[in-house]
Amino acid sequence: MQDLANADCIVIQGSNMAEAHPVGFQWVVEAKKRGAKVIHVDPRFTRTSALAHSYVPVRAGADIAFLGGVINYILSNEKDFREYVLAYTNASMIVSDRFQDTEDLDGLFSGFNPETNTYDGASWMYSGCEDSGRSHTQAHADRETAAGLEYESHGASVPGDLPQDPTLQNPRCVYQILKRHYARYTPEVVERVCGVPQEQFLEVCEAWTANSGRERTTALVYSVGWTQHSVGVQYIRTGAIVQLLLGNMGRPGGGVMALRGHASIQGSTDIPTLFNLLPGYLPMPHYTHHPTFAKWVDGMRNPGQKGFWSNAESYAASFLKAYFGDAATAENDWGYGWMPRLTGDHGTYQQVLDMIDGKIKGYFLLGQNPAVGSAHGRAQRLGMANLDWLVVRDLYMIESATFWKNGPEIATGEITTEQCKTEVFFMPAASHAEKEGTFTQTQRMLQWREKAVDPPGDARSELWFFYHLGRRIRERLAGSTLPRDRGVQALTWDYPVIGERGDEPDAEAVLKEINGYDLTSGQLLSTFGQMKPDGSTSGGCWIYTGVFADGVNQAARRKPGREQNYVAGEWGWAWPANRRILYNRASADPEGNPWSERKRYVWWDAQKDEWAGEDVPDFEKKKPPSYRPPEGAVGVAAISGDDAFIMQADGKGWLFAPIGLIDGPMPTHYEPAESPMRNPLYGQQANPTRKVYNRPDNPTNPSPPEQHSEVFPYVFSTSRLTEHHTAGGMSRQLAYLSELQPEMFVEVSPELAAERGLEHLGWAHIITARAAIEAKVLVTERLVPLRIEGRRVHQLWMPYHWGGEGLVTGDSANDLFGIVLDPNVLIQESKVGTCDIQPGRRPTGPDLLRYVQGYLDRAGLGPDHHPPIVTARDTDDGE
Amino acid sequence: MGNSLYGPLDDPATDAGFTEAPPRMGFFTDTSVCIGCKACEVACKEWNAVPEDGFNLLGQSYDNTGGLSANSWRHVAFVEQPAPAHVDALTEAGTQFLGMPLSDLPGRVTDAPRTDFRWLMMSNVCKHCTHAGCLDVCPTGALFRTEFGTVVVQDDICNGCGYCISGCPYGVIDRREDDGRAWKCTLCYDRIGDGLTPACAKACPTESIQFGELDELRTRAAERVAKLHEDGVTEARLYGNDPDDGVGGDGAFFLLLDEPEVYGLPPDPHVPTRDLVKMWKKAGLAALSMVATAVVVFAGRSK
Amino acid sequence: MSPGGGDRPMVPKAEFESYYGRPIVRPPVWTHDIAIYLFTGGLAAGSAILAAGGQATGDPVLRRAGRAVTMAALGASTFFLIKDLGRPERFHHMLRVIKPTSAMSLGTWLLSGFGGVAGVAAASEFAPLLPERGPLGLVRRVLPPVGAVAGYGTAALAPGLATYTAVLFSDTAVPSWNAVYPDLPFVFAGSALASGAAVGLVAGPNDRVVQMAVIGAALELGAGHRCEHGYGLLSEPYRKGRAGKLLKAAKVLNAVGAVGAVVGRRSRVVSALAGAALLAGSVLTRFGVFEAGVESAKDPRYTVVPQREQANGKKVNFPSA
Ligand SMILES: Nc1nc2c(c(=O)[nH]1)N[C@H]1C(S)=C(S)[C@@H](COP(=O)(O)OP(=O)(O)OC[C@H]3O[C@@H](n4cnc5c(=O)[nH]c(N)nc54)[C@H](O)[C@@H]3O)O[C@H]1N2
Ligand SMILES: Nc1nc2c(c(=O)[nH]1)N[C@H]1C(S)=C(S)[C@@H](COP(=O)(O)OP(=O)(O)OC[C@H]3O[C@@H](n4cnc5c(=O)[nH]c(N)nc54)[C@H](O)[C@@H]3O)O[C@H]1N2
Ligand code: SF4
Ligand code: SF4
Ligand code: SF4
Ligand code: SF4
Ligand code: SF4
Ligand SMILES: [Mo]
């Protein structure tokens, strides 16, 4: 994050950095002071745009077209950093001759199966290893379990000696395929699809390319303006392709800065609260794919593959040792059999639908407020109202704890307090200031936090809650002989308790367990390189190993920046191995010299025969640039001295992803699931592999080529205000924040206000197929109608912070959304949808349901209506 | 009384009788890097336990505070405007403004001429004037000059006479409704006395609010303006930095990107006591005229 | 434009010269209590002069009436002054310091001194009620001469009391109060004289009282006219709106009172009516001036436009970095 200050140009797209990351934004301001150009691409003019040199308004949901245009500009003008591209990307790899592009198939790639709406990925593979492509069925299972990207993060099984064309002339090499794929994303097309005037688009292209290369670097910043789309992952891939082509990855002032959310949301992906992952990005075992420990481990390391994942067995065994301690033995595969298995989609949205269907009886809700914060608020509340029990641990009485008496469904009659069977147990939670532990922030840095005050009353930490819950469950099950209870019985559950009451688990002990031990000596491990597959080491999360290096809590380091070099490696601790910039080997050329003096970061020190630099080099310290793996080498030994992307199976940055993504090897523009526009590029309207839940309670507004899209003529987006936090539980309860943004509002352009008769500060209501909500109108020129395909498209915008509890209350924007997800990671499309807006307040009570029904009727959305998935004119794979 | 009332003054603390006053402390608020996050507003309230100011959606862009008041000692102003500002006048006068290339926002090109948009943000605060109108007129001595040259109300002295409120040329100080006393920024007198940075400046993520020795801040500000001019931001200007201005220079001064009045600041304020001597002279004359009248009327011979 | 909407359906575009039309200087927090205070203060001063005049010309009616009204007006002044404080119980904090730069500080001291001497003068009126012998008898004998001195003392402080309030108003950032500082003291002086004379017109009219009334009213009208016309844009609030109406009415009443005093000087009834008109005129003048100031503070135009003109006349506001 601080590294942004070293950028020569910063492109912020899909993030409202100044508003949502005000503290991090200081580095953008710093870069600007040093002369960097700042560009903000966003559907609306925000506080970030106000500080940018150039603001580019774009249609929500059209970024791939925009960035595709940038790629086309780079390739057709040969502005790529060719030496970098040749050395560090897969540009020269040859792709299977069976591969067909969206350009050939009207928006579909080769291998599409309309039955499952997934791809058979064989034809996307490098020439010669088509067999290792992913099948339909696997793709389907991967989509269910959000496992698609594991191939990318863990690498595909790609042999090392595949055909390449360093001249980049072979028509089937990645470079040429990319060039063809994006050829049609011309400035005119960008203007037509995104509404960005060509001159403005070209200004961005010129700034981006002029500030990239040997001497200069451009940083790309995104956040949830990019992720929350049915093509969210592909958005980010597009950004990554641009940065790879321009040689900005792994270099100071470059890279792709993914701004994370909640204080420790990075921590909760590393040590996940996600259903599909275990700590350190080990996949959650799947009941058919990973029947045994060996299969599970092979699923990560792909035997024969190169890269650091080849040590997966050490990470996995150490992980299980941390879980099960002495009970984990070589004989019982370290207790692998006790691990739960995935059987399908257990994502949060599937769960809530299962609640509605009565399939889930009980639920723990900690630090989350889905009644306001999750898409399709009504479904969230109806689901929770159909449980037997619900435990809510929160700082405040949030909407998710009071839906049974105060939710909007009380007024409509859909929930009756007396009949709501859910028993809600509310437990007050200690806040971050009332407990110790770490936050892992947006740049993967762990920072240790002291406890400032004791929690009030009965409020307790999460650690306390789970420790004692686990302890009691284990006491209950102590005598059980059921096989299913064996895992719980075998868990190590022996945390020392401290504190005044003598019952608070010691957070440092937990962090040490995460760091891992050498079990033979009892010493804390210092790097994950010390982990062994033989059960002699433990470690709760291999990427965090080192946070207790030398027995010291490295996360608690607070050495001021002025007392160390600019990378400030002695402030906190970043995984892996305290590296601040990932893949920083790429900051040096293949020979190990910095690409330029101005951008030197790590380099090969020929005197000392080792890698040196400002940061911890992201490379084996003693492996020279000239190293070439011997024949038949696998794993780390197979990484060549100039393979900068050491976690990738081929050591290369992927311009083209032969495997890994469910929706295609290259990003391509699809319209959002709800759009007023026909896709201007392909017959295929929206992402054909998106995750849909076709149910009467989850209708989707019609989009072309369907009829009646004019019923919901406007594009809307939702996001954040500096003054509030997410679902509002922590800000609408505080007077000092509530007074700064006291009411739910909707921002519209003067043109839209005129069109619909909306008055500044008057009421309006917004309608979708799911709900109608009301808000005060803010008419502002910060929103502009865009000209798309010769048509004027209005966008309106709402914050999503309001709900029914707190000092300031209001309707929730999330009630407007339905559930449509990205196929790779199952994130909801909550950044873009279609709607209608009308002046005045919405109807109340049962009238509200009738009112929305009126819209459904006009839009032809009967209970059995499902939006078509495949709209490409030619759906066979063309063979 | 000379410069004690008006005009440049070396050090107001010394003028107020401090013998070994520390350097004068103040704020340089650089609005060109303000992101309108309002952290300063909140931090001020947290530190000083200032009450909330009411939950009112004002519709003045993102400003729902409205202005400085007894319950808001920092206030972030938001101004949405097309730039350059004269364009509107041109179009209204019927001149077709063709705009600079790239300065037109899309979608408007065919509908209406439109210029680049600006969103100005500025965190306002008490100016801690060299000649502080509020302090001059306070009849109780509740307002006083600190050793740092700042102006502070003693809440145990103030009797709420309200005179300071009208004495301030910036509309800063205000009487709290339910409390009756006058309140305003103290420049965190309690913090700076302990060598700490004021809460608002500490919370400001972008260093829009810079706290320090006034002399140094003035130098820094001049450099910043020069840099901005060099970068083509020719509209950058300083406000309140000039010891020759109507209040003898502000202890808290600003870098603005437009005219002061756009942000709700007076364009050329002066301390009311500038004319105090003349006022008393006039009042004396008027009093004399009363005496003269009395003499003429009652001392003359009866008619 | 009202922040709530107006003719353009959008976030009200910040008018170029102001921030959403919000005031720049803060409108006074003072209530009408202060306008009343101005009037009663003036009345106390005027009647003190009247009483001293009665003293000097051997007119016990005027003296007594003057002293009585002085005391009553003084009491009212003190009441309203304290009432308007945010913390009335802390009124005495005014007497912690003497601050030359604060008209309110000086005024409070003046008011206290004035109150002291006026009290003695008034008390002396009660001397005849005291027993002739004993220690109180001594008092009965000493009081009248002391009262006489006190009476003149009161009159000597009266002009200050009547005019310091002009400085009180002018020494503020309230645009239309601040601008008119050369004339405001004369308005208040005239108004005080006229109201003092009015007391005489009611209690016991004679030629001297009529003369005092005419001079007072003339001063008030003359200086008032200059306030209303001599200060460009900043005179406008004195002519517009409620303040304008009040001041117009005040002018009529003052003129009527002065003329009535002259023509009706043989009639007790007409004199009394003329006195009433002058008193009313004085009240309205104070309210008018008060309101005009408040209006000038509320509308940023009165702060911005004159200052902008002034600023444009000066150097461009770029630092010589
Ligand atoms: N004050 C505050 N800070 C926060 C939070 C908060 O609630 N309040 N939440 C935290 C959390 S949990 C998160 S995840 C982060 C999120 O941080 P951000 O992602 O920066 O915040 P958002 O406001 O959700 O959305 C970012 C921007 O995406 C834009 N956008 C929407 N759709 C598109 C699109 O299709 N293309 C492009 N280019 N832009 C689009 C929106 O207009 C918005 O300006 O913020 C964190 N920080
Ligand atoms: N329409 C729309 N929807 C969105 C988004 C969007 O941009 N648009 N953004 C999405 C994103 S990125 C996010 S992260 C989610 C956020 O959505 P949620 O996570 O559902 O919302 P929060 O309000 O952040 O909920 C966090 C709760 O945790 C409580 N809490 C805080 N600290 C503790 C603690 O230590 N222990 C416990 N037990 N509780 C604690 C808080 O009081 C608060 O109620 O919203 C998502 N939803
Ligand atoms: S709230 Fe915390 S994480 Fe967010 S910007 Fe402020 S300091 Fe950073
Ligand atoms: S700005 Fe106003 S309140 Fe602040 S010191 Fe100056 S006169 Fe006093
Ligand atoms: S209100 Fe308080 S601080 Fe202001 S002038 Fe009166 S006594 Fe002084
Ligand atoms: S200096 Fe202190 S009192 Fe003044 S605005 Fe800042 S935080 Fe508030
Ligand atoms: S804290 Fe700083 S950046 Fe934020 S609003 Fe205040 S002055 Fe502006
Ligand atoms: Mo988030």
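Below, chain A is the first sequence line, B the second, and so on; all start at residue 1. When reading the values below, keep in mind they use all heavy atoms of this one structure, side chains included, and skip hydrogens, waters and symmetry mates.
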[X] versus chain A, the contacting section by heavy-atom distance below 4.5 Å:
X: B/D231; answer: neither
X: B/S72; answer: neither
X: B/C34; answer: backbone
X: B/E46; answer: both

Out of [options], return the one with the most heavy atom pairs under 4.5 angstrom to chain B.
options: A/V29, A/T46, A/T722, A/L51; result: A/L51
options: A/E19, A/E723, A/K32; result: A/E723
options: A/E739, A/E743, A/E747, A/Q26; result: A/E739

So [X] and [Y], would you call those rings parallel, tilted or perpendicular, with 30° and 60° as cut-offs?
X: B/W183; Y: B/W73; value: parallel
X: B/F78; Y: B/W119; value: tilted
X: A/F745; Y: A/W797; value: tilted

Under 4.5 Å from a heavy atom of chain B, the part of [X] involved:
X: A/L721; answer: side chain
X: A/L740; answer: both
X: A/Q741; answer: both
X: A/E191; answer: neither

May I ask you to decide if B/E80's main-chain N or O and B/S61's side chain share a donor-acceptor pair within less than 3.5 Å?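 Looks like no, no N/O pair under 3.5 Å.
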Looking only at heavy atoms and a cut-off of under 4.5 Å, which of B/V33, B/L228, B/V76 has the most pairs with chain A?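 Sorted descending by pairs with chain A, the first entry is B/V33.
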Heavy-atom pairs under 4.5 Å with chain A: which of B/L57, B/L120, B/T206 has the most?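 Looking at each of B/L57, B/L120, B/T206 in turn, B/L57 comes out on top.
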Heavy-atom check, side chain of B/R224 versus side chain of B/L255, under 4.5 Å: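 Side-chain contact under 4.5 Å: yes.
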Any luck finding a side-chain donor-acceptor pair between B/D250 and B/Y239 under 3.5 Å?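 B/D250 vs B/Y239: no donor-acceptor pair found between side chains.
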Check this for me: B/E177, atom CD, are more than 12 non-hydrogen atoms of other residues, nucleotides or ligands nearer than 6.0 Å?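 It does not: B/E177 CD has 12 such atoms or fewer within range.
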Tell me, yes or no, whether the heavy-atom count around B/K202 atom NZ, taken from other residues, nucleotides or ligands under 6.0 Å, exceeds 12.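 Incorrect, the count does not exceed 12.
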Lys NZ or Arg CZ of A/R782 over B/Y62 ring: under 6.0 Å, within 45°: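 That pair qualifies as a cation-pi contact.
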Validate the cation-pi geometry between A/R59 and A/Y714: distance from NZ or CZ to the six-membered ring centre under 6.0 Å, angle to the ring axis within 45°.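 No - A/R59 does not lie over the ring of A/Y714 by the 6.0 Å and 45° rule.
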Do the ring centers of B/F253 and B/F28 come within less than 6.0 Å of each other?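 Yes - the distance between ring centres of B/F253 and B/F28 falls below the 6.0 Å cut-off.
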Centre-to-centre under 6.0 Å for A/Y73 and A/W208, is that the case here?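 Aromatic pair excluded; centres sit 6.0 Å or further apart.
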Chain B-proximal positions within residues 800-811 of chain A [heavy-atom distance under 4.5 Å]: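 Checking residues 800-811 of chain A against chain B gives A/L807, A/V808.
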